[in-house]
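Here is the structure we will look at, set down as structure tokens.
Nothing here was measured: the structure is a model prediction, and the numbers come from that model. Each chain gets a letter, A, B and so on, in the order its sequence line appears, and its residues count up from 1.
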2 protein chains.
Amino acid sequence: MTAPSPQVLLVEDEPQMRRFLRVALEGAGYRYLEAATGQEGLNLAAQHRPQVILLDLGLPDMDGLDVMAHLREWCQAPVIVISARGQEADKVKALDFGADDYLTKPFGTSELLARIRVALRHADPGAAEEPVFTLGRWRVDLAKRQVLVDGQEVHLTPLEYKLFITLIRHAGKVVTHRQLLKEVWGGVAGAQPLYLRVYMTQLRHKLELEPSRPTYLQTEPGVGYRLRTEE
Amino acid sequence: MTAPSPQVLLVEDEPQMRRFLRVALEGAGYRYLEAATGQEGLNLAAQHRPQVILLDLGLPDMDGLDVMAHLREWCQAPVIVISARGQEADKVKALDFGADDYLTKPFGTSELLARIRVALRHADPGAAEEPVFTLGRWRVDLAKRQVLVDGQEVHLTPLEYKLFITLIRHAGKVVTHRQLLKEVWGGVAGAQPLYLRVYMTQLRHKLELEPSRPTYLQTEPGVGYRLRTEE
DNA sequence: CTGAGTCCTAACAACGTCTTAACGCCCGCC
DNA sequence: GGCGGGCGTTAAGACGTTGTTAGGACTCAG
């Protein structure tokens, strides 16, 4: 249930700096894009919509502040400026042009990463989507660990819930007995095929309209079970 | 209708620095508040809800990071840390604790003002949030650290309160035992699952109508606890 | 030193969950 | 038509988890 790792765009012309930052960013688990010119940076930003942009002001083709001005016309992603120039006037200009932070070279990897985390935190509030699975009269909120049937909350025990979301993960497909036992009971020993029958019964009673004539929690005789999805 | 000029809270003990910043901030047209200690800073923040907070880490009464931790329990206002310590590790720690920016002394007035403008830009969209949580007969003022039940103030001990607002922060979602212990007790060792049971009992006695039949502070057996929200 | 307040710990009671077993049903096969 | 295997259903006991209470250790202020 982990979100895909955030994508960072680096706009920087010096190869040495690029290498250094690539290592730092990929090491921290970010997806990584790079551009050597302002124009290329703008193109990549438009194409990939990165969550954070690192922008060097000293680019060969256009002024860094112009890049930012263009970016800001349509893009809200936080921009962290990276520059060799530490003059206060430069910082003020960049920040007032829309930069969210300004780092003067040389700087340490861990500070950069911390400032990227701050930038992501700012961008986050809009990006917090809840993973919810709906099917027929059911509504399963994976984040809240809550199951609703016709808007009514239904309580599932830990094993019931685990079995249920295992079927949801493979919704539509048949899941074999063996696979279910492994994923829910964790590969421990025992006369376990019986467990499945017991727990499927319980699930059907809690979730199905007619437990004896299940609409969704279907048996695949001799193979396993399957959560039917609408077609 | 012109918005009133933003209010800035400065938490700083050195008189000289205070004088310097007062001139800078008032000169820039901000309304201005100052506190010489962490405690005073927290009180002023709760009373006045400033748009930006400037926080010196070297305070006489408490650690600057503790001030931030307390602040962040209820307050989303951007915090710009001002510190004499320029070590990278200090910066990273402060930023990860919730600071939005970190300035090392000495710094120029215009850079500070530019960074305040950035902070205000960030704060603007979601600025209208009241740090008050209400649910059923409860009313929790996160800024004042005050809990009312049917308008009656109820006293919670520090740990009770921390546990309670942790559940509030994840309202509706199940919070696992492990997560609660980590967030409330801070990952220290011990036979801790018991703590949760004891403190949940106490919370229920102070907050629920029928402590033995809790309406909101619900147990999710085998998993954790959850603050039920109306649906 | 005393008292108030808070936190941790231990013991026991109460509860929910998991496992297990027994039985009934349906269906295909001999 | 009888038999057996796979599946569904139910209930009951074992087991672990959770709720509750009370007492002792500790800190802090007066």
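- Computed from coordinates, the A:L163 CG to D:dG8 P distance equals 12 Å when rounded to whole Å.
- Judged as a salt bridge (Lys or Arg N to Asp or Glu O under 4.0 Å), and not counting sequence neighbours, the contacts of A:R137 are A:D150.
- In this structure, CG of A:L194 is placed 12 Å from P of D:dC7, rounded to the nearest angstrom.
- Here the P atom of nucleotide C:dT6 and the CG atom of B:L203 are 13 Å apart, to the nearest Å.
- Here A:T201 does not reach the OP1 or OP2 of D:dT10: none of its side-chain N or O atoms lies under 4.0 Å away.
- Atom CD of B:Q47 has more than 12 heavy atoms from other residues, nucleotides or ligands within 6.0 Å.
- A sub-4.0 Å separation between OP1 or OP2 of D:dG19 and a side-chain N or O of B:H205 is absent.
- The nearest whole Å value for the distance from the CZ atom in B:R197 to the P atom in C:dC8 is 15 Å.
- One can place CE of A:M200 at 10 Å from P of D:dT9, the figure rounded to the nearest angstrom.
- Annotation: side chain to side chain donor-acceptor pair (under 3.5 Å) contacts of B:E88 (sequence neighbours excluded): A:S110.
- Applying a 4.0 Å cut-off to non-hydrogen atoms, none of the residues of residues 171-178 of chain A approaches DNA chain C.
- The shortest side-chain heavy-atom distance between A:I165 and A:Y161 falls under the 4.5 Å cut-off.
- A salt bridge is absent between B:R72 and B:D96; no separation between the charged side-chain nitrogens and carboxylate oxygens falls under 4.0 Å.
- Note: NZ (B:K162) to P (C:dT6) measures 16 Å, nearest angstrom.
- One can place CD of B:E220 at 11 Å from P of D:dG19, the figure rounded to the nearest angstrom.
- In this entry the distance linking CZ of A:R213 with P of C:dC26 reads 11 Å, nearest Å.
- Atom CZ of B:R178 sits in a sparse spot, with 12 or fewer heavy atoms from other residues, nucleotides or ligands closer than 6.0 Å.
- Residue-level contact check: A:Y225 touches the backbone only, with heavy atoms under 4.0 Å from sugar-phosphate atoms and none from bases.
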Revision key, fill the gap. Protein heavy-atom contacts under 4.0 Å, written 5' to 3' over nucleotides 23-30 of chain D as B (base), S (sugar-phosphate only) or - (none), form the string --------
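- The only option from A:M200, A:Q218, A:R226 that meets the side chain to side chain contact (heavy atoms under 4.5 Å, CB included) definition with A:L167 turns out to be A:M200.
- Around the NZ atom of B:K144, the shell of radius 6.0 Å holds no more than 12 heavy atoms that belong to other residues, nucleotides or ligands.
- Applying the side chain to side chain contact (heavy atoms under 4.5 Å, CB included) test to B:L148 and every residue at least two apart in sequence or in another chain returns B:R139, B:Q146, B:E153.
- For B:R204 and D:dG19, the shortest distance from a side-chain N or O to OP1 or OP2 is below 4.0 Å.
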Exercise for review: Step by step, work out the side chain to side chain contact (heavy atoms under 4.5 Å, CB included) result for A:Y102 and B:D101.
Suggested key: CA-CA 10 Å; A:Y102 191 108; B:D101 207 340; over 6 Å; no
Where do N or O atoms of nucleotides 17-19 of chain C meet protein N or O atoms at under 3.5 Å, pair by pair?
{"residue": "C:dT17", "atom": "OP1", "partner": "A:H155", "partner atom": "NE2", "Å": "2.8"}
{"residue": "C:dC18", "atom": "OP1", "partner": "A:L159", "partner atom": "N", "Å": "3.2"}
{"residue": "C:dC18", "atom": "OP2", "partner": "A:T157", "partner atom": "OG1", "Å": "2.7"}
{"residue": "C:dC18", "atom": "OP2", "partner": "A:Y199", "partner atom": "OH", "Å": "3.4"}
{"residue": "C:dC18", "atom": "O5'", "partner": "A:Y199", "partner atom": "OH", "Å": "3.4"}
{"residue": "C:dT19", "atom": "OP2", "partner": "A:W185", "partner atom": "NE1", "Å": "2.9"}

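- With A:F164 as the fixed residue, the ring-ring contact (aromatic ring centres under 6.0 Å, His included) test singles out one of A:Y216, A:Y199, A:W138: A:W138.
- Between B:L54 and B:V8, the closest side-chain pair of non-hydrogen atoms falls below 4.5 Å.
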